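These notes are about the structure you will find just below.
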Amino acid sequence: MIDLNLPLIGPAVAILETARALAQQRDRVALLLHGPPGIGKTHLLDLLALEISGSKFAVEQINGQSLGIEVVREWRQRAAYGNLFSEWSVKRVDELDHASSSAAAELLTYLDYLPAKKAVLATTNDYARLRAAHKGRLETRFVVFRVDAPTVADAANYLRAHMKIAAAIAKQIAAGAVPDGCLESEGCNMRACIEDAKGYLAARHVAAATPLSVVKGPGK
């Protein structure tokens, strides 16, 4: 579960501000974010979903693998009844590229008739494949934003400020979170970076709590 109290970093911050402005101007919203894994797309849209609705009970989250035709049809049937907890109802779809082609097509049709006070906020890690499969229909239903990865420097600064990790170690951890086959200039997977940092802190805590006699062994 993503901790929404943690701040976004890197390019996702500017995308969130743009998405907020867009949501304030419209009475219905359909957004699709794409970019590499672990860069804050889900975090960004979870924050936006709560800001739009004002209640976590007005937000329904689903992964693309579980998005079937019947789910989308149920959304269409229930759309006329509104929500008990908010004027808005928000559907959050992660990894839309994993949905079946028929389910994705049904979702695009739903967006053609999206009622007021409804939002569909989706992410994909493979926009090129998704776009090719739907031949331009995505751009006419969704407002599409690319989210780039945080730089290694952004990630290292985050680890220093929020996890109190020394600068040299923070840089090593951030550099280690650059996906295999990528250059540091392409940025890092922030989710992997944070998990690596947690592992480092846990190991340091265990080392600090281990008595010296145990480390040296008996009779040494």
Side-chain angles (χ1 to χ4, degrees), residues 1-2 4 8 11-35 37 39-148:
M1 179 69 180
I2 294 174
L4 296 183
L8 285 173
V13 176
I15 298 297
L16 177 59
E17 290 303 317
T18 302
R20 279 172 173 158
L22 182 71
Q24 291 171 0
Q25 297 167 7
R26 301 190 175 192
D27 65 350
R28 65 206 76 195
V29 179
L31 296 181
L32 175 63
L33 304 186
H34 67 96
I39 59 172
K41 301 187 300 296
T42 293
H43 188 172
L44 188 166
L45 289 186
D46 283 349
L47 287 171
L48 183 65
L50 287 176
E51 291 178 9
I52 289 174
S53 65
S55 171
K56 64 181 181 180
F57 299 110
V59 180
E60 181 178 348
Q61 192 277 339
I62 191 169
N63 187 277
Q65 295 183 79
S66 302
L67 183 68
I69 293 176
E70 293 307 318
V71 171
V72 181
R73 288 177 178 170
E74 183 183 353
W75 290 354
R76 294 174 65 180
Q77 292 167 2
R78 289 164 37 196
Y81 300 104
N83 188 282
L84 292 174
F85 303 97
S86 171
E87 291 184 346
W88 281 81
S89 293
V90 182
K91 308 303 182 187
R92 281 277 298 105
V93 184
D94 283 316
E95 299 181 334
L96 181 58
D97 49 289
H98 287 292
S100 68
S101 58
S102 55
E106 189 75 20
L107 178 64
L108 294 177
T109 299
Y110 173 55
L111 294 179
D112 281 335
Y113 304 97
L114 191 65
K117 303 300 181 181
K118 307 298 179 194
V120 177
L121 311 178
T123 71
T124 176
N125 295 329
D126 195 348
Y127 179 61
R129 182 168 68 85
L130 191 64
R131 185 183 185 198
H134 295 284
K135 298 177 171 56
R137 295 181 68 202
L138 292 174
E139 298 89 332
T140 57
R141 274 72 173 182
F142 286 104
V143 177
V144 180
F145 293 108
R146 174 175 172 80
V147 184
D148 292 314

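This is a predicted model, so every value here is computed, not measured.
- Residue His98 comes nearest to Gln65 through the heavy atom pair CB-CG, 3.6 Å, listed as atom of the first residue, atom of the second, then distance.
- When all heavy atoms of Val147 and Ile39 are compared, the closest pair comes out as O-CD1, 2.8 Å.
- Between Asp97 and Tyr127, the closest side-chain pair of non-hydrogen atoms is not below 4.5 Å.
- Between Leu107 and Leu96 there is a side-chain heavy-atom pair separated by less than 4.5 Å.
- Closest heavy-atom contact between Leu31 and Ala19: CD1-CB, 3.8 Å.
- Leu50 is not listed as a side-chain neighbour of Asp46, based on a closest heavy-atom distance of 4.5 Å or more.
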Practice task
Report the C-alpha separation of Leu8 and Leu47 in whole Å, then their side-chain angles, then the decisive distance to 0.1 Å, and conclude whether the side chain to side chain contact (heavy atoms under 4.5 Å, CB included) test is met.
Solution key: CA-CA 10 Å; Leu8 285 173; Leu47 287 171; 4.1 Å; yes

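- Closest approach of Trp88 to Ser53, counting heavy atoms only: CB-CA, 4.1 Å.
- Within the 4.5 Å cutoff, side-chain heavy atoms of Glu60 are placed close to those of Trp75.
- Using a 4.5 Å cut-off on side-chain heavy atoms (C-beta onward), Leu48 and Leu16 make contact.
- Counting non-hydrogen atoms of neighbouring residues, nucleotides and ligands closer than 6.0 angstrom, the CZ atom of Arg26 reaches no more than 12 such neighbours.
- Summarising the geometry of Leu121 relative to Arg92, their closest heavy-atom pair is O-NH1, 3.0 Å, with the distance given to 0.1 Å.
- Scanning both residues, Ile62 and Val71, for their nearest heavy atoms gives CD1-CG1, 4.1 Å.
- Taking the side chain as every heavy atom from C-beta outward, Asn83 and Phe57 never approach each other to under 4.5 Å.
- Counting only distance, with no hydrogens or angles, the side chain of Arg141 and the backbone of Leu111 share no donor-acceptor pair below 3.5 Å.
- A donor-acceptor contact closer than 3.5 angstrom links the side chains of Asn125 and Lys41.
- Rounding to the nearest 0.5 Å gives a distance of 10.0 Å between NE2 of His34 and CG of Leu130.
- Side-chain atoms of Arg131 and Glu139, non-hydrogen and from C-beta on, do get closer than 4.5 Å to each other.
- The shortest side-chain heavy-atom distance between Arg137 and Thr109 falls under the 4.5 Å cut-off.
- With hydrogens and angles disregarded, a donor-acceptor distance shorter than 3.5 Å links the side chain of Thr123 to the backbone of Glu95.
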